[in-house]
Chemist: 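One structure coming up, written as structure tokens, with questions to follow.
Sequence positions, counted from 1, serve as the residue numbers for this chain. None of these values were measured; they are calculated from a predicted model.
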Amino acid sequence: MENTGKLNKLLTTSRDPGEIQDWIFSLTPIGVAFVFYMIFIMSTDIEPKGLFIAYGAAAGFIGLESYWIIRGWRNNHLLTIMLGFIGIAITAGLLGLYVSIA
């Protein structure tokens, strides 16, 4: 019975237009972390560097999308949840494509 209430909330709650700014600002910490990750990878003798960078970028984006899935669940935003899962699928697909080419 409780799940039906959550489903109804997910389907009827609208999104706040200001949430787009929240999403853009959530990219800032991941961008800073990725810069430090790049500096670390480039200064070491780890090979292949491109593969480590690709995995690091994918992990960062998947972590960010996971955060937005949880945020969408808490705020009853079905579209945010769906876009989070789509983002994870696209990121995993692009990583798989890169790994198969590299």
Side-chain angles (χ1 to χ4, degrees):
M1 191 66 115
E2 187 176 312
N3 291 336
T4 305
K6 182 68 173 181
L7 183 60
N8 286 335
K9 286 181 183 179
L10 284 171
L11 295 175
T12 58
T13 305
S14 63
R15 290 181 55 160
D16 179 23
E19 196 160 334
I20 293 173
Q21 290 176 345
D22 292 344
W23 186 83
I24 290 171
F25 287 122
S26 70
L27 292 174
T28 303
I30 197 168
V32 171
F34 189 69
V35 167
F36 282 108
Y37 178 75
M38 288 279 298
I39 291 170
F40 171 74
I41 293 296
M42 296 310 262
S43 67
T44 62
D45 292 332
I46 298 173
E47 289 297 332
K49 291 184 192 306
L51 197 56
F52 277 94
I53 291 170
Y55 275 110
F61 280 120
I62 288 173
L64 181 63
E65 294 297 331
S66 299
Y67 162 76
W68 279 96
I69 289 170
I70 292 169
R71 184 180 170 123
W73 182 260
R74 288 183 180 162
N75 294 332
N76 300 317
H77 296 149
L78 182 62
L79 183 61
T80 303
I81 296 168
M82 289 175 26
L83 289 174
F85 281 117
I86 291 169
I88 289 173
I90 290 171
T91 302
L94 289 174
L95 179 62
L97 180 66
Y98 178 78
V99 169
S100 69
I101 291 173

Chemist: Just how far is it from atom CE of M38 to atom NZ of K49, taken to the nearest 0.5 Å?
Modeler: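 The NZ atom of K49 is 10.5 Å from CE of M38, to the nearest 0.5 Å.
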Chemist: What distance do Y98 atom OH and I53 atom CD1 have between them, rounded to the nearest 0.5 Å?
Modeler: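 Y98 atom OH to I53 atom CD1 measures 7.5 Å (nearest 0.5 Å).
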Chemist: Over all heavy atoms of both residues, which pair between G56 and F34 is shortest? Give the atoms and the distance, please.
Modeler: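 Nearest pair, atom of G56 first, then F34: C-CE1, 4.3 Å.
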Chemist: Taking atom CG of L51 and atom CD1 of I41, what is their separation to the nearest 0.5 Å?
Modeler: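 Between L51 CG and I41 CD1, I get 10.0 Å after rounding to 0.5 Å.
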Chemist: Would I70 and L64 show up in the same hydrophobic cluster when neighbours are defined by side-chain heavy atoms closer than 4.5 Å?
Modeler: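 No; tracing contacts between hydrophobic side chains, which count when under 4.5 Å, never links both residues.
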Chemist: Test of understanding: clusters of I, L, V, M, F, W, Y form through side-chain heavy atoms closer than 4.5 Å, transitively. Do F85 and L78 belong to the same one?
Modeler: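 Yes, F85 and L78 fall within the same hydrophobic cluster.
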Chemist: Which of these passes side chain to side chain contact (heavy atoms under 4.5 Å, CB included) with E65: I88, I90, I86?
Modeler: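 That would be I88.
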Chemist: Is there a side-chain contact between T80 and W73 (heavy atoms, below 4.5 Å)?
Modeler: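 They are not in side-chain contact.
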Chemist: Cluster question for you: counting only ILVMFWY and a side-chain heavy-atom cut-off of under 4.5 Å, with indirect links fine, are V99 and F52 together?
Modeler: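 No, because V99 and F52 fall into different hydrophobic clusters, even though each may have its own neighbours under 4.5 Å.
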Chemist: Calculate, to the nearest 0.5 Å, the distance between atoms CG and CZ belonging to L95 and F61 respectively.
Modeler: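 Result: 12.0 Å between the selected atoms.
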